[in-house]
A.B. asks: 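Before we start, here is the structure in question, set down as structure tokens.
A note on names: the letters A, B, ... follow the listed sequences, proteins ahead of strands, and every chain is numbered from 1.
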Amino acid sequence: MSPPAIRVFNTLAQQKVPLAPIVPGKLGIYVCGPTVYSFIHLGNARTFTSFDVIVRYLRSRGFEVRYVRNFTDVDDKIIKAAQETGEAPQALADRFIAEFQKDVAGLHLIEPDVSPKVSTHLPEIIAIIQKLIANGVAYESNGDVYFQVSKFQGYGKLSRKKLDELESGTRELAGGDTLKELKREPYDFALWKAAKPGEPSWPSPWSAGRPGWHIECSAMSSKYLGETFDLHGGGLDLIFPHHENEIAQSEAASGKTLCHCWMHGNFLDLEGAKMSKSLGNVVRLRDALAKLDGEALRYFFLSTHYRQQLSFSDKMLADAETRLSYFYETLKKTDERVAGKDFGQGPVHGEPERFEREFHEQMSDDFNFSGALAALSGLFNEVNLLCDKPPVKDKAVVGRTLVALRAAVGRLASVLGLFQDEPAAWLLRRRERLVVARGIDTAKVDALIAQRQAARAAKDFAEADRLRGELKAMNVELMDTPAGATWKVIPTLQAED
RNA sequence: GGCGCCAUAGCCAAGUGGUAAGGCAAGGGUCUGCAAAACCCUCAUUCCCCGGUUCGAAUCCGGGUGGCGCCUCCA
């Protein structure tokens with residue numbers, strides 16, 4: 001039974017549409033990457049994680065996906081940041097590209113197939129600007145080049161804006177007066193900016209200068225995915241003006257539709273407000289990863305649909321990690337049960353494939369992350385049931401079923417980017433992090449456990465319970481197993497207000 | 001001022017015309033010397049409010065209320 005056809009919410013159409021690849025079996029996707037002038041924050045991380053899972057899922061469905069995510073490394077904000085640090089702008093941009101790669105490694109994001117940079121695509125950018133001038137939709141003005149919005153009749157189709165409404169919105173543009181004189185219409189936007197003294201610049205037919213903000217994506221997407229491609233992704237805030245302008249530039253240059261389907265991820269909120277660099281209410285990804293496992297953060301991001309706003313708190317993050325430890329405990333137990341055993345051929349219990357089927361139904365419907373997670377929960381519940389309270393006696397049947405379920409977990413996990421670690425290693429690493437966070441004296445823990453073992457051997461259960469209580473006061477929970485006592489840190493969650 | 005999104009249990013969150021997924025927390029149980037883990041059971045006659053359409057609405061329409069976003073750099 002093949003999984004259902006995939007439907008994707010297209011911002012342009014304002015509804016879910018069937019995924020219809022231009023070339024059967026293949027998909028091209030362009031995701032707007034970071035402008036590298038500082039560290040990325042959790043909101044950025046959420047968007048990139050969403051598209052990471054989307055690309056992984058499309059590949060798992062057999063599509064040959066070409067995934068392009070750019071770096072905007074030439075930009076006004078980079079110049080400004082470099083002036084503050086005293087670095088060369090390109091050096092600063094390169095530094096933050098390296099920092100981005102480090103941060104993102106902690107989230108286990110897959111590498112895009114192409115990660116183009118503006119600074120190495122100036123010829124392509126200049127070529128498309130020349131084409132726009134030749135097509136009569138762009139004009140030079142004192143060394144700058146502007147796109148004449150009124151010449152592109154589809155303008156506003158993505159963001160549902162009308163030109164007359166935009167006009168009033170632009171009146172308070174910073175530095176307005178000089179800019180006003182250079183532009184024919186107030187909503188025209190820059191394709192090329194002549195450099196001021198001290199600013200980095202590249203030669204062009206119009207001036208030594210640099211590209212405007214939006215043109216790089218038009219140039220790079222057409223280079224790597226063609227003039228028309230399947231999917232274009234980014235954060236909600238890029239719809240206007242960035243994506244709107246991209247459409248105008250690309251379509252005015254090529255005469256073709258830029259992209260069939262536009263996908264936009266929603267924001268991550270911090271205390272009810274959008275997290276953004278300009279508001280200053282940001283939590284850096286790396287600061288979060290210092291306190292929290294990367295997979296736990298991924299799991300948290302997947303707890304709601306990618307088009308839904310997501311609020312976060314320390315408690316929610318800690319809960320995600322606790323949930324992840326349930327999954328890893330289960331995997332550890334399962335692997336111990338199944339490793340190196342041959343259960344032969346034969347029937348299995350129930351219908352092990354039903355969870356994966358449910359997962360596909362959810363993911364096929366515009367990548368319903370939380371629905372997919374529900375399927376995952378069902379799968380783990382079944383695994384635990386078979387391990388601890390098997391509904392059938394035949395151990396070979398149980399074993400074969402566990403093997404089948406474990407394989408399904410592996411497939412779903414690689415789509416979600418979860419459970420990529422060795423269960424025992426992950427659990428130990430989490431314990432160590434909590435030990436440090438709570439300042440637990442592990443030597444004392446070991447000593448108390450030894451004392452308790454002695455008391456239990458002597459059947460002095462009152463003393464054993466007293467020692468358990470003492471450990472509990474240290475936030476340590478003991479688990480007696482046939483192989484001896486192990487322990488874990490209680491992830492005490494102080495009540496929130 | 002213009003445009004748009006959202007509102008589901010104590011909390012997080014699916015569901016978008018057919019009678020409320022899943023998770024956390026809580027309570028009870030099985031197991032255990034006691035625990036922990038796991039499993040089982042319980043936990044929204046109801047989906048912000050008021051009207052309307054319909055045999056039937058959390059889901060569609062109209063009007064409120066509350067929260068958020070875009071219109072200016074932002075994932």
A.B. asks: Give every pair of a protein N or O atom and an N or O atom of nucleotides 66-69 of chain B that lie under 3.5 Å apart, one pair per line with the distance.
C.D. replies:
unit_1 : atom_1 : unit_2    : atom_2 : d
C68(B) : O2'    : Gln309(A) : OE1    : 3.0
C68(B) : O2'    : Gln309(A) : NE2    : 3.2
G69(B) : OP1    : Lys274(A) : N      : 3.4

A.B. asks: Of all the nucleotides listed (A38(B), A75(B), C3(B)), which has the minimum atom distance to the side chain of Tyr326(A)?
C.D. replies: A38(B)
A.B. asks: Show me, pair by pair, the donor-acceptor contacts under 3.5 angstrom made by side chains of residues 387-395 of chain A, not counting sequence neighbours?
C.D. replies:
unit_1    : atom_1 : unit_2    : atom_2 : d
Asp388(A) : OD2    : Lys333(A) : NZ     : 2.9
Asp394(A) : OD1    : Ala396(A) : N      : 2.9
Asp394(A) : OD1    : Val397(A) : N      : 3.4

A.B. asks: Which pairs pass side-chain hydrogen bond (donor to acceptor under 3.5 Å, both in side chains) with one or both residues in residues 42-52 of chain A, sequence neighbours excluded?
C.D. replies: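 As it turns out, the side-chain hydrogen bond (donor to acceptor under 3.5 Å, both in side chains) pairs with a partner in residues 42-52 of chain A, which skip direct neighbours, are His41(A)-Asn44(A), Asp52(A)-Arg56(A), Asp52(A)-Arg298(A).
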A.B. asks: Taking only residues two or more places apart in sequence, or in another chain, which ones meet Lys16(A) in a side-chain contact (heavy atoms from CB on, under 4.5 Å)?
C.D. replies: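 Only Arg7(A), Phe9(A), Arg307(A), Asp365(A), Asp366(A) meet the side-chain contact (heavy atoms from CB on, under 4.5 Å) criterion with Lys16(A).
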A.B. asks: Output all residues satisfying side chain to side chain donor-acceptor pair (under 3.5 Å) with Thr85(A), sequence neighbours left out; order by chain, then residue number.
C.D. replies: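 With sequence neighbours excluded, Thr85(A) shows a side chain to side chain donor-acceptor pair (under 3.5 Å) to Glu87(A), given in chain and number order.
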A.B. asks: Listed by chain and number, what are the salt bridge (Lys or Arg N to Asp or Glu O under 4.0 Å) partners of Lys77(A), not counting sequence neighbours?
C.D. replies: Asp75(A)
A.B. asks: List every contact pair, protein side and nucleotides 19-23 of chain B side both N or O, where the distance is under 3.5 Å.
C.D. replies:
unit_1 : atom_1 : unit_2    : atom_2 : d
G22(B) : O2'    : Ser377(A) : OG     : 3.4
G23(B) : O3'    : Arg323(A) : NH1    : 3.2

A.B. asks: Who are the salt bridge (Lys or Arg N to Asp or Glu O under 4.0 Å) partners of Glu111(A), not counting sequence neighbours?
C.D. replies: none
A.B. asks: Got a sec, which residues hit side chain to side chain donor-acceptor pair (under 3.5 Å) with Gln453(A), two or more places apart in sequence or on another chain?
C.D. replies: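 Partners of Gln453(A) under the side chain to side chain donor-acceptor pair (under 3.5 Å) test: none.
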A.B. asks: Identify, with sequence neighbours excluded, every residue that meets side chain to side chain donor-acceptor pair (under 3.5 Å) alongside Asp103(A).
C.D. replies: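 Side chain to side chain donor-acceptor pair (under 3.5 Å) list for Asp103(A), sorted by chain: Arg286(A).
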A.B. asks: Can you check each nucleotide of nucleotides 28-35 of chain B against protein heavy atoms at under 4.0 Å and return B for base, S for sugar-phosphate only, - for none, in 5' to 3' order?
C.D. replies: --B--BBB
A.B. asks: What is the distance from CG of Asp319(A) to P of G10(B), rounded to the nearest Å?
C.D. replies: 18 Å
A.B. asks: Send over the distance from Lys333(A) NZ to A36(B) C1', rounded to a whole Å.
C.D. replies: 12 Å
A.B. asks: Using the side chain to side chain donor-acceptor pair (under 3.5 Å) criterion, which residues pair with Arg431(A)? Sequence neighbours excluded.
C.D. replies: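 Listed in chain order: nothing, the list is empty.
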